Amino acid sequence: MNEIEAKIKTLREELEQHNYAYYVLSAPTISDYEFDKRLKELQILEDAYPEYADACSPTQRVGSDLSKEFEQVTHAYPMLSLGNTYSEGEVSEFYNRTMRILNEPFELVAELKYDGASISLIYEHGRLTRAITRGDGARGDDVTSNVKTIRSIPLKLMGDHYPDMFEIRGEILLPWAEFDRLNKEREEQEEPLFANPRNAAAGTLKQQNPAIVASRKLDAYLYYILGENLPADTHYDNLQIARTWGFKIPDVIRICYTLDDVFNYLAYWDVERKNLPVATDGVVLKVNSLLQQRNLGFTAKSPRWAIAYKFRAEKAVTRLNSVTFQVGRTGTITPVANLDPVILSGTTVKRASLHNADIIEGLDLHVDDYVYVEKGGEIIPKIVGVDTDARTMLVGEKVSFITNCPECGAPLVRPAGEAAHYCPNESGCPPQIKGRIEHFVSRRAMDIHIGPETVEDLYNAGYIKNIADLYTLKLPDLLRLERWAEKSAKNLMESLEESKAVPFERVLFALGIRYVGETVAKRLAHAFLNIEQLQQASPESLMQVNEIGERIAQSVLNYFADEANTSIVKRLAAHGLQMTVDETILTDRSDSLKGLSIVVSGTFTKHSRDEYKAMIEQHGGKCSGSVSGKTDYILAGDNMGPAKLEKATKLGVKIINEDEFLNILEE
Ligand code: IVH
């Protein structure tokens, strides 16, 4: 047994002993603080050395950072959908039908239709016991540990007038501001963007790692309570009472006494919803009296006592001039529609996404067609239809997906089960080659200071055909190029030299293996420790790594099965790039930061944000998420949040950069 393994074993035994003393004997043998410190120490070691994982480790008791498959649970009351309407006429019909069936006066409650992921929360004796997704309506996933990270959802209720057991349903939402922040971060890391806040919220809820969920700042609005002994006999009053238990109940709900009240509400929110912090896509109308609700009952799919009025997405008509096909860094082909400029929701739209071949085929698109462009919750506008009546004799040819790469001519492939086409000519297709080099030199990868134009120049001049060629560049070659002065050439040589110190996990990320983003690269590096072992890894051993499934494992295997790649890796190693994990960062510990509370914010170049956090904890410091009077330092990278900066300046908290931090550690 090696030193690390022995350390892990001792820590586990020790913690288990303390656990028993505390929970079974009620006779604590250690302070909570000491216990947490050791648990954290164990967690850090387990994260770094996943090969020693153990499902019975004390760390598995904490719902913090661990993967978990979701259990499927049957809903006590099925989660139904609502009938949709798109016009005031249909709303009137709903109103009149309800009147006819009830044959007595009734009130409607109008509320906003929130566009997120629906959730059902179960409370027993005032405590949140379960949170279940909608799933197929009858059964959903138990996502309790993720939902518990949402601060606006009470884990324990206030007061004591709540029923012993009830369910409350609502929508989990990712506020617009968080959505934008998340997508910006993903763009920087070349991860696929979320199309809208709904997808982002649903994706986040299904995250295997509750710590990631906690970092995304989800919110929850609740709008429907179910159970045996509800406090009031109207929907509206029940929600108002639930608010006093600590739930976030939207305050924009209104009782409507007439159809006119309803129309006023619709008209007001159609405009005003654009100023809300979260996405909405309509209004929900519900009969207020629970008795009347029961009398109206349900159809197979939805309640007869409620209906959803959907706001119209903003649409415009314009002409399709052409469709171009772009080749991405990993060979993905993206069809883009080029349009006559048109104004949509206040911005000029010239291009729209066409997604994939099936969508183009489904639209029966022709050049010169007049097309409907829509901007729903999506960031990129999309083409939703063709005005076939406007089609003239002069309409252009039918748009069909290309069969060969527009850049290198290679026949495209479409993997079974995937919607996208790819150019398979990885080592011969110029945008893929240049894209891979651009990725390799990017800040979060090797941080070599050249931009896309320089990559283009060097590629066109024949100096670089792959990432390893960068390290054979010679100063005189560079000076022979147009626009290259002595200074910039020297800078490039210097930053190439510096890149040789970039840690292995970033080198691995820089290689640009499909699906191996920053996090996966780090996991692989920590699991296999060096490139040789990774190169020889079996599919099984790859899939044993936390959150690495078949798709990623296969991609890693494919990469190393290609001799062109292994020869590049060999050349990079020969040039002195780091091909082994720097273990000192994981095993060095001290008390040098003891008692200090440090906030880490922004993006860094020498280590990742997570690495800095781990370092702070390894040296006895405390990482905190928000700036307060107790904060000793802010370790600030690029793009630190403006709110944090303002608060720090106001409180007079010392701001240090990464070099200063590393100096403090060395002292
Ligand atoms: S009430 C049986 N109220 O819309 C009725 N639903 O198509 C239960 N939604 O699955 C739903 N805002 O995810 C209700 N104020 C609101 C809502 C709302 C959004 C969602 C919910 C539901 C879907 C129905």
Side-chain angles (χ1 to χ4, degrees), residues 183 187 190 192-196 312-415 418-426 428-436 438-439 451-453 455-457 459-460:
N183 260 353
E187 194 169 4
E190 300 195 25
L193 301 190
F194 287 117
N196 52 46
R312 251 169 222 293
E314 287 187 64
K315 239 188 235 174
V317 178
T318 188
R319 201 176 58 160
L320 174 72
N321 292 320
S322 65
V323 173
T324 42
F325 294 85
Q326 293 172 352
V327 188
R329 164 169 77 81
T330 52
T332 323
I333 310 291
T334 315
V336 178
N338 303 300
L339 309 165
D340 274 353
V342 62
I343 293 188
L344 188 58
S345 318
T347 52
T348 307
V349 172
K350 289 186 218 123
R351 267 181 284 276
S353 166
L354 282 167
H355 301 286
N356 58 50
D358 291 343
I359 289 190
I360 294 180
E361 195 53 43
L363 286 167
D364 182 31
L365 213 53
H366 289 65
V367 172
D368 291 337
D369 261 342
Y370 281 86
V371 294
Y372 298 109
V373 198
E374 195 177 285
K375 211 174 191 176
E378 277 74 18
I379 23 180
I380 305 161
K382 60 182 178 197
I383 292 184
V384 291
V386 177
D387 183 357
T388 39
D389 293 341
R391 209 174 257 171
T392 64
M393 301 274 293
L394 298 172
V395 74
E397 62 182 298
K398 186 173 150 77
V399 177
S400 51
F401 210 89
I402 46 173
T403 52
N404 290 70
C405 177
E407 299 280 347
C408 73
L412 300 180
V413 294
R414 179 179 179 174
E418 282 195 41
H421 281 77
Y422 296 92
C423 166
N425 183 14
E426 279 171 40
C429 179
Q432 292 191 64
I433 298 172
K434 284 183 277 185
R436 258 198 313 276
E438 279 166 28
H439 168 73
E453 309 81 47
V455 171
E456 177 95 36
D457 283 353
Y459 176 82
N460 290 342

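Note that the structure is a prediction, hence the values are computed from the model and not measured. Just so you know, these numbers use all the heavy atoms, side chains as well, and skip hydrogens, waters and symmetry mates.
- Contact detail for Asn404 and Gly409: the closest heavy-atom pair is ND2-O, 2.8 Å.
- Donor-acceptor pairing under 3.5 Å is lacking for the side chains of Asp340 and Thr318.
- Among Asp369, Ile360, Leu363, the single residue meeting the side chain to side chain contact (heavy atoms under 4.5 Å, CB included) criterion with Val399 is Ile360.
- For the pair Asn425 (side chain) and Cys408 (backbone), a donor-acceptor distance under 3.5 Å is absent.
- The heavy-atom pair separating Thr332 from Tyr422 by the smallest distance is OG1-CE2, 3.6 Å.
- Between the side chain of Arg436 and the backbone N or O of Thr330 there is no donor-acceptor pair closer than 3.5 Å.
- Nearest heavy-atom pair, Glu407 versus Pro431, reported as atom, atom and distance to 0.1 Å: CG-CG, 3.3 Å.
- Under 4.0 Å is where a charged nitrogen must lie from a carboxylate oxygen, and between Glu361 and Lys398 at least one such pair does.
- To the nearest 0.5 Å, the span separating SG on Cys423 from CD1 on Ile402 amounts to 9.5 Å.
- No side-chain heavy atom of Pro341 sits less than 4.5 Å from a side-chain heavy atom of Val349.
- Annotation: the span from Ile333 atom CD1 to Gln326 atom CD amounts to 10.0 Å, rounded to 0.5 Å.
- Considering only heavy atoms from C-beta on, Lys382 comes within 4.5 Å of His355 through its side chain.
- Ser322 places none of its side-chain heavy atoms less than 4.5 Å from the side chain of Val367.
- Salt-bridge annotation for Asp358 and Arg414: present, with a side-chain N of the basic residue lying under 4.0 Å from a carboxylate O of the acidic one.
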side-chain contact (heavy atoms from CB on, under 4.5 Å) between Leu339 and Lys350: does it pass, once the steps are laid out?
CA-CA 5 Å; Leu339 309 165; Lys350 289 186 218 123; 5.7 Å; no
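- Between Ile343 and Ala316, the shortest heavy-atom distance links the atoms O-CB, 4.2 Å.
- Using the six-membered ring where Trp is involved, His421 and Phe401 have ring planes that are parallel, under 30° apart on the 30 and 60° scheme.
- For the pair Cys429/Cys405, a side-chain contact is recorded, criterion being any heavy-atom separation below 4.5 Å from C-beta on.
- In this structure, the separation between NE2 on His439 and CD on Gln432 is 13.5 Å, given to the nearest 0.5 Å.
- Rounding to the nearest 0.5 Å gives a distance of 8.5 Å between OG of Ser353 and CD1 of Ile383.
- Here Lys434 pairs with Glu456 in a salt bridge; the nearest charged N to carboxylate O distance falls below 4.0 Å.
- Here the straight-line distance linking atom CD of Glu426 with atom CD1 of Ile433 works out to 10.5 Å at 0.5 Å rounding.
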What's the verdict on side-chain contact (heavy atoms from CB on, under 4.5 Å) for Arg319 and Asp368, showing C-alpha distance, side-chain angles and the deciding distance?
CA-CA 6 Å; Arg319 201 176 58 160; Asp368 291 337; 4.1 Å; yes
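- The minimum heavy-atom distance linking Val386 with Leu365 is given by the pair CG2-CD1, 3.5 Å.
- Considering Val323, Val336, Thr324, Thr334 in turn, Val323 is the only one that fulfils the side chain to side chain contact (heavy atoms under 4.5 Å, CB included) rule with Leu354.
- Closest non-hydrogen pair, Pro424 versus Leu412, comes out as CD-CA, 4.3 Å.
- The neighbour count for Arg391 CZ, taken as heavy atoms of other residues, nucleotides or ligands under 6.0 Å away, is above 12.
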